[in-house]
Amino acid sequence: MLISHISNKHIALFKAQIKTISGTVIDTQGESVIGANVLVKGSTTGTITDVDGKFSLEASEGDILQISYIGYNTQEITIDRKSILKVVLQEDQQALEEVVVIGYGAVKKKDLTGAIAQVKADKYATQQSTNVLDMLNGTVAGFNSNIGTSASGASEMEIRGPASLSANNSPLIVLDGVIFNGSINDINPSDIETIDVLKDASSAAVYGSRSAAGVVIINTKQGKGEKMSINFSAQLGLTDFTNEIKPNDLSGFIQRRQDFQRRINPDKPEGYYNNPNQLPEGIDVDTWQNYDASYQSDPILTWMTRLNLRDIEQQNYLNGNAYDWYGEATRPGLRQNYNVNISGGIGKTKYYWSLGYTDNQGYIKGDEYKTIRSRINADTKVAEFLTVGINAQFSNKDESNEAIKLSNISRQSPLGQPYDENGELKWYPHDDSGIEQNPFLLYRKRDKFNVTQNLFATMYADLKLPFGFSYKVSYINRYDWQKNYYYDPSSIPSGNKTGGFGRRINYSLYEWQIDNIISWKKTFGVHDFYATFLYNAEKKQTWKDTGENVNFTPSEALGFHQLGTGGSPTIKNEDTYSTGTAIMGRLNYTLMNRYFLTLSIRRDGYSAFGMENPYATFPSGALAWNLSDESFFNIKWINNLKVRASYGINGNRDIGIYDALAKLETNKYLTGSTLISGIYSSSLANQYLKWEKTKALNLGLDFSVLDSRLNGSVDYYSMITNDLLLKRSLPTIIGYDNVMSNMGELQNKGFEMTLNSYNIQNKDFSWNSTLTFSFNRNKIKHLYGETINILDENGNVIGQREGDDIDNGWFIGQSIDRIWDYKFLGIYQLGEEELAKSFGKAPGDVKLYDPNGDGVSTQEDKVFQGYTKPRFRLGLRNDFTLFKNFQISCFIRADLGHWRANSLLSNTSNVEDRANSYALPYWTPETPTNKYTRLNTVNTPGYNIYERSSFVRLQDLSIAYNIPENILKNLKVGHCKVYLSGRNLLTFTKWSGWDPESGNTPMPRIFTFGIDVTL
């Protein structure tokens, strides 16, 4: 190090003396801090403290030492003449004071009494996310969501298993503190700051009748500071398949056709269906031709006729033409996502504005999703006691395309052709009207317009009152508008018989809510009080108009733009109206920062329930104890230990808003030449219909050990849902099939664990891990209360039990997803003809378990044999930082222990001589298998073949590079990151279909390049 000294206009340069600096790093309790990083700022010189907290390194006077450790504030010390230092690290108060949203308020993370998980969205910024569910897949213990297979992304989510048999099991969405009833796709993931998942009854009970399935609270970004910040991000990606199962090519198609003909015509002479150029030894072409009384001069034509190939197929075969239907229907889908936001503050006003555009293509042509989303969050402090603000978002979703159906593609003959000699699409590619239509017809010919617009806005005022009180009023509006139009011209089958068919559906929605919230915060010595009181009112209306017409003359040119040109117009209107109200009170009490109590009660009213039960009450309570803060707690390797317990009652009101009422329908009929409209009752009223109620207990433990290098939480829960909303069957004499009623009981139990570890932390390399593990077990305790007799083997009544619902697959004492079906034992093989014949089958057909040994497969032979939902779920995320600027993230997910029916294993089609199929194995005498059936297999009784669908998946992998600040300064750029990421890169499974998670629907694999720039 060179230091200059100026004296009497002479400049002297000399080298600063390097010396050994040693010291000890301790915390505020005087305990040694092991593994703290000690670094000479601006250099590569550094070390870590030993088991006694001591360190030693070389430095010069004037150098700055940086001392850092997990959970503590980084300290900087300038080296002077001292050579021995004592450093006291202070706890990171920001981490300790981290705030978690709990519903109508927020508390410090350390003061939580409920089971709440928080996700910070910036951790997933390198993933391409169409909606928030794309970043939550497998990352929160107890929260389950699917990976979307279409361009629009994921759409299903569930917290702690199904809490209902027929009502909606999706959790409630709360956006910036208010209930959001819109689509999850309306929320731009790039606008999200944090996500809080409320899992137990106590934390969710403040939402009462809306919270039995849990609550997801989404908090969007707000303006910060005085300086304006401009951020731009762009993502460009490609999507293909995680796994491909293609239809048979020409050779596979011909082979399958030959094997099918041999299967259904086993008495034909040897080689009858062979290609004349590939006849068995000892059979010449003349002998082969003479198998038929009449044959064609060209043996190839004779062969193709025997295979039942259509004329067009024969022509294309002779001409060497084969069409790749799969290749023409699929593509590498292009995915684009662009976002810009501006945030900051001007005086007492804070603002955040964003605009995002997403344009996704799926791997199937026609699967496209476009959306424009914009948001503005602004607040201003108009007085010391009054803050007003607005949070508003707008979205425009365009789904005006008709996707090709892959199932139709798989059945197309490679010898068919999509276009005729005039270049027009053929209706039936190989001239067989009884089989699949041309899969490109709707994709090419249907004129479609499907656009949905949404506006969601919250205006609020927050008033600070004396004595620790505050009052916040929020007025929430939501508007939805959808135009879903399409026209099928008479040039395609769906419009031909009617001279063209047009439909216009106009749908609009308006709802408002008002939240009045009074809060009180006060501290009296060691007593902290935080009370919240809510009054909510809401109203929702929808309007839906459906217009249809046919026989468009004299021209179809205007299509759905002018339905009036048709000859037989019909119109249908469907409007709805509902209202609700709620009051809620909650008290959070803290004693000595160690003992925590939360009590809440909410009473809801909703117009959808019967007149006798429009209201319901939902109480809850929770306790927590920071055990590690007690004076008697002296386990040094445990830094924090908190135990939690909660109990509460939540509700579910998500049913049809008129299910409690007697609905009227109309019917038109002719009397002579007069058209008369009649009215009839289509459903039976139930004035006693009420909420489902879920009673839930949660026991939890939060901990931090080994100098906070490892922290996490574990939770056990038990939930009972009573008064299930079910349609009860009625005797025919009553005149109605069923009535919506409250009956039955469902139980859910489970365990969740989250572990966060800081494995390695030094100046050039850091490695952090997060492990999540969960399982859920549900059981149907009661259904309709109807008893049936229990019979012994002689038919004598030996008792009674509650009856099951076999039609819905619901069984008392069993899980909702329990498989009850015939048990697949394999495939009958050669040599088992007699055994197979006793069941009406033959080698190549399925062998089913016959538990009673009566030689007949009946419903009594069905057995319980596994589950269709994962029994265990795991997620492991690893984040690495190398040389400060390189970041690598890897997420592995595992769903284990479940089964899925695989229809691809059973070849039940009886038209194999008229259609193609997937290129998969099948049983033949020459190529036997114990997994796949023969062609045209006997499928009575109806059965399913189940396969294990457990999997371990490398779900997300990203590599990012943060461009160094010294480079960006010259460009006047604050931050710049470039990255590559991939989703669904590798899957390990025994599943034989397309994907173990999506079944026999293709799962997308996505590669993304992105850049994120902040000015």
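Small disclaimer: the values here were computed from a predicted structure and weren't measured. All values below were derived from every heavy atom in this structure, side-chain atoms included, with hydrogens, water molecules and symmetry-related copies excluded.
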Take R331 and E368, measure what salt bridge (charged side-chain N to carboxylate O under 4.0 Å, His left out) needs, and give me the verdict at the end. CA-CA 12 Å; R331 65 188 173 192; E368 299 183 14; 3.6 Å; yes
Test salt bridge (charged side-chain N to carboxylate O under 4.0 Å, His left out) on D431 and R310 and set out the steps. CA-CA 7 Å; D431 300 335; R310 299 278 169 158; over 6 Å; no
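The shortest heavy-atom contact between I409 and A329 is CD1-CB, 3.5 Å. Nearest heavy-atom pair, R1005 versus F241, reported as atom, atom and distance to 0.1 Å: NH2-O, 3.2 Å. Counting all heavy atoms, side chain and backbone alike, S950 lies closest to P996 at O-CB, 4.4 Å. Between E997 and S145, the shortest heavy-atom distance links the atoms OE2-O, 4.3 Å. Shortest non-hydrogen contact noted between R256 and N248 is CD-ND2, 3.7 Å. Contact between P429 and E436 at its shortest, heavy atoms only, is CD-O, 4.1 Å.
The main-chain N or O of N907 is found under 3.5 Å from a side-chain atom of T933 such that the two form a donor-acceptor pair. Using modelled atom types, no side-chain atom of Q361 and backbone atom of D359 make a donor-acceptor pair closer than 3.5 Å. The backbone N or O of Q296 lies less than 3.5 Å from a partner atom in the side chain of Q289, making a donor-acceptor pair. The closest donor-acceptor contact from the side chain of S400 to the backbone of N450 lies under 3.5 Å.
Between F864 and W820, the ring planes lie tilted relative to each other; the angle falls in the 30° to 60° range.
Of the candidates R900, K990, K931, E947 forms a salt bridge (charged side-chain N to carboxylate O under 4.0 Å, His left out) with just one, namely K931. The ring pair (Phe, Tyr, Trp, His ring centres under 6.0 Å) test with Y487 is passed by exactly one of F560, F552, F501: F552.
Aromatic ring centres of Y828 and W923 lie farther apart than the 6.0 Å criterion allows.
In this structure, CG in L441 is found 9.0 Å from CH2 in W427, a value given to the nearest 0.5 Å.
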